[in-house]
Number of protein chains: 2
Amino acid sequence: MSERLTIGKLGSATGTKVETIRYYEQIGLLPAPARSAGNYRTYQGEHLRRLSFIRRARDLGFSIDQVRELMGLADRREQSCMAVNVIANQHRDAITRKIADLTALAGELDTLIESCSRNTVADCRIIEALAPSLHSG
Amino acid sequence: MSERLTIGKLGSATGTKVETIRYYEQIGLLPAPARSAGNYRTYQGEHLRRLSFIRRARDLGFSIDQVRELMGLADRREQSCMAVNVIANQHRDAITRKIADLTALAGELDTLIESCSRNTVADCRIIEALAPSLHSG
DNA sequence: ATGCATCCTCTAGTCGCTAGAGGGTCAAGC
DNA sequence: GCTTGACCCTCTAGCGACTAGAGGATGCAT
């Protein structure tokens, strides 16, 4: 009834590298599990749940500190939703900004690539385009 | 006629921190300049050109290694355009992928935030939403 | 008993800087 | 000439979030 997992099993169950799991333990993100007679880490259901939570949040781009905060809130269910919502919204805003930045950057790169492909090899403008304030002086 | 710049001047001329310039020298991205009697770095026009190029490329999101490659190409002008185009296009593709990932992520976060704001504090679903494969079993 | 996968700890490396300690240099003002 | 303060020097360590490797122990199958 109590599932006991080696670190390797836990890793493959959650798509996490073994070293990463040990790292999470080291920084106090995942609680240290019991050890076997041979000093192997033996994980249980609760660890699997926690690590899944961590991976999911990391996949959504939350920082380790944000994950820590979210987990703290998840542990005390009452009154947590609003706080969680705040974190999620902050993160949502950051993503919106990042998308805007990348889109602008893609446009610049397109201009660069465009200007290059219009020219023959001999007089490529892409290098000058990368140092715009200098090829005029 | 030969403009001599201190590291501070070079920094403010290119929007680069002094430490960053020294770092670029350390990793061999910017050539080491001559030194004054008092052991100060003394930069000239060529350094300004190079550093401007580096900054511009970094702003466009090229990695240090890509910048190194681009600079190598810039030095040997002939036959460089196509190679530059390859690097720029690789980078453009990476950005396209990143934008797609972030957009998908924003959608997931919106669902998360939505599901939270629909509920009262007591039965917030956002935590469960973050560990999707576990709250069903 | 032997081989091999998996596990252990510990340390150092990755990327692109950034910050700090502990000093030396230089130009201006008095 | 002497002080002040901004700038410069080197060296080392830190950030986030892992990743990789050395050097060894354990567990399980044959």
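Any value given below was found using the heavy atoms of this structure, including those in side chains, with hydrogens, waters and symmetry copies removed. In what follows, chains carry the letters A, B, and so on, assigned in the order in which the sequence lines appear, proteins first and then strands, with residues in each chain numbered from 1. All values reported here derive from a predicted model rather than from experimental measurement.
- A:Ile27 comes within contact range of no nucleotide atom at all, as no heavy-atom separation falls under 4.0 Å.
- Mapping B:Ser36 and B:Ser63 onto DNA chain C by nearest heavy atom places B:Ser63 at the nucleotide closer to the 5' end.
- Within 4.0 Å of A:Arg41, counting heavy atoms only, lie sugar-phosphate atoms of the nucleic acid but no base atom.
- Residues B:Asp65 and B:Arg68 are paired through a salt bridge, judged by an N-O separation under 4.0 Å between the basic side chain and the carboxylate.
- In this model, the phosphate group of D:dG16 is not approached by any side-chain N or O of A:Tyr23 to a distance below 4.0 Å at OP1 or OP2.
- Rounded to a whole Å, the CZ atom of A:Arg22 is 15 Å from the P atom of D:dC18.
- Atom CZ of B:Arg4 and atom P of D:dC8 are 16 Å apart (whole Å).
- Rounded to whole Å, the distance from CG on A:Leu10 to P on C:dC7 is 10 Å.
- Atom CD1 of B:Ile21 is separated from atom P of C:dA19 by 15 Å (rounded to the nearest Å).
- When each of B:Gln26 and B:Lys9 is assigned the nucleotide of DNA chain D with its nearest heavy atom, B:Lys9 is the one assigned upstream, toward the 5' end.
- Taking atom NZ on A:Lys17 and atom P on C:dT14, their separation rounds to 16 Å, with Å as the unit.
- From B:Arg58, atom CZ reaches atom OG1 of B:Thr16 across 11.0 Å, with rounding to the nearest 0.5 Å.
- The residues B:Glu46 and B:Arg49 are annotated as salt-bridged, a charged nitrogen and a carboxylate oxygen being separated by less than 4.0 angstrom.
- Side chain to side chain, B:Ser52 and B:Arg56 fail the donor-acceptor criterion of an N or O pair below 3.5 Å.
- Comparing A:Glu19 and A:Tyr40 by the nucleotide of DNA chain D whose heavy atom lies nearest to each, the residue mapping closer to the 5' end is A:Glu19.
- Applying the 4.0 Å criterion to OP1 and OP2 of D:dC8, one finds that B:Thr6 has a side-chain N or O inside that range.
- B:Arg68 places its CZ atom 12 Å from the C1' atom of C:dC15, with the value rounded to the nearest Å.
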